Amino acid sequence: MTRKDVAVGAKNLNELRSKFKKVESFAEIMMPHDAEEPILAPAVRAAVLEWMVEIRHAAALGDVGVKARRSALLYGPPGTGKTTLAHHLAARLGVVLVAVQSDQLVASSLGRSSHNAASLFEALRDVDGQCVVLLDEIDSIGSRRSTDDQACSREMNSLLTTLLRYVEGYSGIFVGATNRREELDPALWRRFGMQLSVDLPGLDERFAIIRRYAAPFDLPDDDIDALADATIGASPALLRQLVEGVKRRIAIAPKLNHNIPDAGAALRAVVASVAMPPEFEVPPLWRPHGVANLPAMTWPWPKMGGGK
Ligand SMILES: Nc1ncnc2c1ncn2[C@@H]1O[C@H](COP(=O)(O)OP(=O)(O)OP(=O)(O)O)[C@@H](O)[C@H]1O
Ligand SMILES: [Mg+2]
């Protein structure tokens with residue numbers, strides 16, 4: 001995908017920011033030109049593309065008596081690209097992403113949370129159609145409704161009820177994201193026009209992710225293959241940290257008068273400092289002897305175009 005249809009030019013940035021001023025007390029405004037395209041499994045990529053076409057050609061759907069879906073729930077492990085995808089989607093539609101950290105709506109004073117949700121949707125009404133709204137980490141408010149009558153649970157239940165009402169009535173495009181789908185309230189789950197699983201990457205996606213983040217280095221395919229094999233179970237975010245960790249070491253080593261003898265030494269140092277969250281299976285590279293089990297790799301990493 002390209003971003004040729006991003007409609008917001010730099011000169012309009014200030015104008016845009018002032019338009020979204022009210023929304024900004026609850027959300028981060030993410031600009032189209034800062035968006036990155038996530039590398040996704042083909043089925044998810046196809047579903048997202050189809051959705052974009054659907055949004056753009058709502059009239060064609062009207063001819064056959066159906067409406068374009070206006071919302072999607074993205075669920076999957078941390079660091080798989082849910083926020084990145086929402087941002088990319090907004091950019092492809094040429095609008096900003098209003099990213100609401102759902103727990104920001106939760107207030108400590110009683111009754112205030114629902115008021116926050118009301119204020120947010122009120123503010124959104126003024127910019128209707130000019131943004132995609134992301135309710136990120138929606139599980140922080142949309143957990144299954146509690147039946148005990150503690151004040152705190154009552155507050156959350158009331159926030160959820162208010163949110164459901166506003167979500168139903170909201171006419172713009174909106175996306176929810178969670179990495180705890182099992183905890184989500186079923187009523188909230190159903191409110192979304194589609195539910196998309198953004199899962200850990202397969203072999204081909206890991207290859208593409210490693211290659212993307214290795215730039216400006218151009219690793220031989222065999223080396224990327226070996227890394228992709230050894231990183232089964234790693235999220236894209238972790239793959240990015242791994243590859244960027246090596247690049248950071250390459251850049252810093254001369255300043256420290258430090259010699260990195262081979263790829264294994266660089267990888268071993270990075271593997272020791274980043275990892276998947278504890279509830280996930282440990283990828284082979286992070287297991288004992290994981291780095292030692294890699295085949296011999298090209299070192300130093302060659303630069304694209306043969307530069308040094
Ligand atoms: N599918 C992907 N392709 C390329 N890069 C990715 C992908 N997924 C994540 N990344 C990179 O990892 C980082 C974190 O991604 P992001 O915040 O979108 O994950 P998330 O699924 O929203 O995580 P969380 O569940 O913790 O909110 C970003 O810097 C992004 O560039
Ligand atoms: Mg996220």
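In each ligand, atom 1 is the first atom listed, and ligand 1 is the first ligand listed. Predicted model only: the values in this text are computed from it and were never measured.
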Undergrad: Measure from atom 31 (O) of ligand 1 to every heavy atom in Glu37, Arg240, His88 and give the option owning the shortest one.
TA: Arg240
Undergrad: Between Gly79, Ala41, Ala99, which one has a non-hydrogen atom sitting closest to atom 23 (O) of ligand 1?
TA: Gly79
Undergrad: Please report whether ligand 1 has a polar contact with Arg212, defined as an N or O pair separated by less than 3.5 Å (distance criterion only).
TA: no
Undergrad: Just to confirm my output: which protein heavy-atom neighbour is closest to atom 4 (C) of ligand 1, and how far is it?
TA: Tyr213 OH, 3.4 Å
Undergrad: Got a salt bridge between Arg240 and Glu36, using NZ or NE/NH1/NH2 to carboxylate O under 4.0 Å?
TA: yes
Undergrad: Just jot down the side chain to side chain donor-acceptor pair (under 3.5 Å) partners of Arg69, sequence neighbours excluded, or say none.
TA: Glu54
Undergrad: Gly76 to ligand 1: N or O pair under 3.5 Å?
TA: no
Undergrad: Could you tell me whether Glu281 and Arg287 make a salt bridge, using a distance below 4.0 angstrom between a side-chain N and a carboxylate O?
TA: yes
Undergrad: Among all residues two or more places apart in sequence or in another chain, which pass the side chain to side chain donor-acceptor pair (under 3.5 Å) test with Glu50?
TA: none
Undergrad: For atom 17 (O) of ligand 1, what's the nearest protein heavy-atom neighbour? Residue, atom name and distance, please.
TA: Thr83 CB, 3.9 Å
Undergrad: Considering only protein heavy atoms, which is closest to atom 7 (C) of ligand 1, and at what distance to one decimal place?
TA: Pro236 CB, 3.2 Å
Undergrad: I'd like to know if the side chain of Arg70 reaches the main chain of Phe174, judged simply by a donor and an acceptor atom lying under 3.5 Å from each other, with no hydrogens or angles considered.
TA: no
Undergrad: Judged by atom type as modelled, is there a donor-acceptor pair below 3.5 Å linking the side chain of Arg180 to the main-chain atoms of Asp139?
TA: no
Undergrad: Looking at Glu24 and Lys19, is any side-chain nitrogen of the basic one under 4.0 Å from a carboxylate oxygen of the acidic one?
TA: no
Undergrad: Starting from the C-alpha separation in whole Å, work towards a yes-or-no answer on salt bridge (Lys or Arg N to Asp or Glu O under 4.0 Å) for Asp126 and Lys22.
TA: CA-CA 9 Å; Asp126 293 344; Lys22 271 202 249 166; 2.8 Å; yes
Undergrad: Are there more than 12 heavy atoms of other residues, nucleotides or ligands under 6.0 Å from atom CG of Leu294?
TA: yes
Undergrad: Would you say Val198 and Leu49 are hydrophobically clustered, going by side-chain heavy atoms of ILVMFWY under 4.5 Å?
TA: yes
Undergrad: Write out the residue and atom name of the closest protein heavy atom to atom 21 (O) of ligand 1, then the distance separating them to 0.1 Å.
TA: Lys82 NZ, 2.7 Å
Undergrad: Starting from atom 19 (O) of ligand 1, what is the nearest protein heavy atom, named by residue and atom, and what distance separates them?
TA: Gly81 N, 3.3 Å
Undergrad: Using the salt bridge (Lys or Arg N to Asp or Glu O under 4.0 Å) rule, collect all pairs that involve residues 256-269, keeping only residues at least two apart or in two chains.
TA: none
Undergrad: Below 4.0 angstrom from a heavy atom of Glu36, which ligand 1 atoms are there? Numbered from 1 as shown, please.
TA: 31 (O)
Undergrad: Looking only at distances, can you tell me whether any N or O atom of Asp136, backbone or side chain, sits closer than 3.5 Å to an N or O atom of ligand 1?
TA: no
Undergrad: For a side chain to side chain contact (heavy atoms under 4.5 Å, CB included) with Val100, tell me which candidate from Ile138, Asp136, Leu105, Leu134 qualifies.
TA: Leu105
Undergrad: Quick one: look up the protein heavy atom nearest atom 30 (C) of ligand 1 and list residue, atom name and how far away it is.
TA: Thr84 OG1, 3.6 Å
Undergrad: Looking at non-hydrogen atoms alone, which of Pro277, Ala237, Ser235 comes nearest to atom 12 (O) of ligand 1?
TA: Ala237
Undergrad: How about the Mg ion (ligand 2), which protein N, O or S atoms come within less than 2.8 Å?
TA: Thr83 OG1
Undergrad: Show the atoms of ligand 1 that are less than 4.0 angstrom away from any heavy atom in Ile39.
TA: 1 (N), 2 (C), 3 (N), 4 (C)
Undergrad: Under the criterion salt bridge (Lys or Arg N to Asp or Glu O under 4.0 Å), I'd like the reasoning laid out for Asp221 against Arg211: C-alpha separation, chi angles, the key distance, then a yes or no.
TA: CA-CA 9 Å; Asp221 284 0; Arg211 178 143 68 193; 3.5 Å; yes
